[in-house]
Each structure stands twice: as C-alpha cells, then as structure tokens.
Amino acid sequence: RILDFTYAPGDRLPRDEDLAVEFGCARSTVHRAMRALADNGLVERRRKGGTTVHVEPVTRATLDIPVVRREVENRGAAYGYQLVDELREVTPPSIAASLGLRRPTEMLHVRALHMADNRPFVFEDRWICVDTVPEIVEVDLAFESANEWLLRNRPYSRCDLRFYAKNASADETRILDVATGAALFVTERTTWIGDEPITFVRAIAAPGYHIATQI
C-alpha cells in the first residue's frame, strides 16, 4: 500500500491494533513488520505519535560481510593467505573511539594478506577484543584468517561500515606490491555483540577491487 501510494509520504498509517484485526494476526506480528519497515526507511515510528509514511523514504542497500577466500574463489582465482604479524598491543585512541571505548585498551592486533593467484588482493589490519572473544587466542592465525574465523564463530548484533579511497603508504606499497601513492579502496568495519566490541578491521584492497550490493 505504501509502494502503490495508497498511503502517500506523510500519511499516518492505521494503528497496530487495527492492522492486527484486519489481517487476523497478533499485534506483536504487526509490530515486528512495522519495525522492519522503519529499519528499511519507509516509515517513521514515534512513541505516542503513531506511524507515518516517511516523507523522504530512505533506500537502504544490503551488504554482506565478505569472506575474502570466497571472494577470490568466486572470481575463479586461487586463494592464498599470509599472516603478516600478530601482537598484543594497546589500541590507538582512534581505534578505541571507533569501538566505542572510553580509553585505549589492550587487544589482539592482527595484520594479514589475502592473495588471488599469488598476487596481493586485500591487506587486513584488524584489532580483536579478547575480552569479548577470548577463544581467538587459541586460534592459529597463521593458518586460519581472523576474517573467516570470526564470521563463522562470533555472530554480531551491530555493524558500522565506512568506505573511502586513499593513497598507498610506504608500508602498503610494500605489502600490496603497488606503485608508490597508488589509489586504494578501503573498507573499515566495526562489529559488536550487544554493547561489547568484537573487532575493528581496515581492509585495504589492491587496485581493481570492486564491491557490489543489492537494493
């Protein structure tokens, strides 16, 4: 009804109770449906103010967190992996802030290189909160990537994403084997379970990388 403009932008929708009666379902079912519409940017829900069709609907895209190995294999290339280093370090203030922490905290700092046909594909610079994920210290990250292990073993309830371009630093030039100052595509991702931080990762892709999503 929203999509065919039975309810136009700004229109107030029927009460949840009335919709439950109309569709012969529980009020909690309508509430979940309305919450999904709100999460998708189609309606606005206000306490004691009812539900209205969003005046400026927001189009939201769905983006799955990628397992880099599958990305490489789906391109028809052979996957490779190298652990660059693994250290227990205190987070820089910027990383602590991204994780919502009040002060820098000691975490597991992991840097790794994912390869496609023996060429650098994605350089991963990751911080893992060992208080939230204590099992990670038992994982041999020289053989199994933190990217794949975390996605398989530590589901998250919230995720923040940032995308941007940058010029390759001297360290990135060496690791990714690119020209000095080459343009690189960067994804920064932070995940939590409830209020507890899981990981912050900066994934830096070699030139030619692309990402796709669906709306």
Side-chain angles (χ1 to χ4, degrees), residues 39-41 58-75 79 81-102 104-116 120-137 139 141 144-169 171-172 175-176 183-215:
D39 290 343
N40 284 312
V58 178
T59 300
R60 301 187 188 276
T62 299
L63 180 66
D64 294 329
I65 293 181
V67 173
V68 181
R69 174 181 58 80
R70 291 178 185 165
E71 284 190 292
V72 171
E73 293 172 348
N74 288 342
R75 293 167 185 247
Y79 175 72
Y81 168 78
Q82 291 180 358
L83 178 65
V84 177
D85 47 43
E86 175 186 353
L87 302 167
R88 292 288 287 267
E89 295 182 328
V90 175
T91 58
S94 61
I95 301 299
S98 294
L99 289 162
L101 302 174
R102 294 184 177 181
T105 304
E106 184 180 278
M107 292 189 181
L108 186 63
H109 186 197
V110 180
R111 301 196 307 161
L113 181 64
H114 303 269
M115 294 171 290
F121 184 68
V122 169
F123 172 48
E124 180 181 302
D125 188 347
R126 180 186 295 272
W127 295 83
I128 305 171
C129 182
V130 292
D131 291 335
T132 307
V133 195
E135 307 95 320
I136 194 67
V137 298
V139 179
L141 297 176
E144 183 172 15
S145 76
N147 164 251
E148 196 157 351
W149 189 92
L150 286 169
L151 287 175
R152 187 171 61 248
N153 293 280
R154 186 60 76 222
Y156 58 90
S157 60
R158 180 163 63 95
C159 176
D160 284 353
L161 284 169
R162 294 180 64 225
F163 304 102
Y164 60 93
K166 72 182 297 290
N167 296 114
S169 67
D171 197 33
E172 293 156 357
I175 292 174
L176 289 170
L184 303 175
F185 178 74
V186 183
T187 302
E188 287 186 353
R189 184 171 66 248
T190 313
T191 56
W192 294 262
I193 179 70
D195 293 328
E196 301 301 319
I198 297 174
T199 187
F200 169 89
V201 60
R202 181 180 292 117
I204 306 170
Y209 180 90
H210 64 271
I211 191 167
T213 187
Q214 294 180 336
I215 295 177

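From a predicted model like this one, the values you see are computed outputs, not experimental measurements.
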J.: Answer whether the closest heavy-atom distance between the side chains of Phe121 and Arg75 falls below 4.5 Å.
T.: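 Side-chain contact under 4.5 Å: yes.
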J.: Do the non-hydrogen side-chain atoms of Arg162 and Thr187 ever get within less than 4.5 Å of each other?
T.: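 Counting from C-beta outward, Arg162 and Thr187 never come under 4.5 Å.
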J.: Atom CG in Asp195, atom CZ in Arg158: separation rounded to 0.5 Å?
T.: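 So the gap between those two atoms works out to 7.0 Å.
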J.: Using every non-hydrogen atom in the two residues, find where Ile136 and Val133 come nearest and quote the distance to one decimal.
T.: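 In terms of heavy atoms, the two residues are closest at CG2-O, 3.0 Å.
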J.: Does atom CZ of Arg102 have more than 12 heavy-atom neighbours, drawn from other residues, nucleotides or ligands, at distances under 6.0 Å?
T.: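 No, not enclosed.
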J.: Looking at every non-hydrogen atom in both residues, tell me the closest pair between Thr132 and Glu196 and how far apart they are.
T.: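 Closest approach of Thr132 to Glu196, heavy atoms only: OG1-CB, 3.8 Å.
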J.: Restricting to non-hydrogen atoms, name the atom on Thr91 and the atom on Pro104 that form the minimum distance, rounded to 0.1 Å.
T.: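 Smallest heavy-atom distance, with atoms named: O-CB, 3.2 Å.
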J.: Please find the pair of heavy atoms, one from Ser145 and one from Tyr81, that lie closest to each other, and give the distance.
T.: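 Scanning both residues completely, I find the closest heavy atoms to be CB-CE1, 3.5 Å.
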J.: Distance from Glu135 atom CD to Trp149 atom CH2, nearest 0.5 Å?
T.: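 Spacing of CD (Glu135) from CH2 (Trp149) equals 5.0 Å.
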J.: Against Thr191, only a single residue in Cys159, Ser157, Cys129, Pro197 fulfils side chain to side chain contact (heavy atoms under 4.5 Å, CB included); can you say which?
T.: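 Among Cys159, Ser157, Cys129, Pro197, the one that satisfies the side chain to side chain contact (heavy atoms under 4.5 Å, CB included) with Thr191 is Cys159.
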J.: What's the spacing between Tyr79 OH and Met115 CE if we round to 0.5 Å?
T.: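 That separation rounds to 8.0 Å.
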J.: What verdict does the side chain to side chain contact (heavy atoms under 4.5 Å, CB included) test give for Ile128 and Arg154, after you've listed the backbone C-alpha separation in whole Å, the side-chain angles of each residue and the deciding distance to 0.1 Å?
T.: CA-CA 11 Å; Ile128 305 171; Arg154 186 60 76 222; over 6 Å; no
J.: Please round to the nearest 0.5 Å and tell me the distance separating atom CG of Leu141 and atom CD of Glu148.
T.: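 Output value for this atom pair is 12.0 Å.
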J.: Are the side chain of Asn147 and the backbone N or O of Pro66 linked by a donor-acceptor pair below 3.5 Å?
T.: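 Present.
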J.: Compare all side-chain heavy atoms of Ile193 with those of Tyr156 and state whether any distance is below 4.5 angstrom.
T.: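 No, every pair of side-chain atoms sits at 4.5 Å or beyond.
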J.: Taking the side chain as everything from C-beta on, heavy atoms only, tell me whether Ile95 gets closer than 4.5 Å to Glu89.
T.: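 Not in contact.
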J.: Pairs under 3.5 angstrom only: tabulate donor-acceptor contacts from the side chains of residues 198-211 to other protein residues two or more places apart or in another chain.
T.:
from	atom 1	to	atom 2	distance (Å)
Thr199	OG1	Arg126	NH1	3.2
Thr199	OG1	Trp127	O	2.8
Arg202	NE	Tyr164	OH	3.4
Arg202	NE	Glu188	OE2	2.8
Arg202	NH2	Glu188	OE2	3.1
Tyr209	OH	Glu71	OE1	3.4
Tyr209	OH	Glu71	OE2	2.7

J.: Roughly how far apart are Phe123 CZ and Asp125 CG, rounded to 0.5 Å?
T.: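 Interatomic distance, Phe123 CZ to Asp125 CG, rounded to 0.5 Å: 5.0 Å.
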J.: Between Pro120 and Leu113, which heavy-atom pair has the shortest distance, and what is it?
T.: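 So the two residues come closest at CB-CD1, 4.1 Å.
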J.: With rounding to the nearest 0.5 Å, note down the distance linking CE in Met107 to CG in Leu99.
T.: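 Answer for the CE-CG pair, Met107 versus Leu99, is 4.5 Å.
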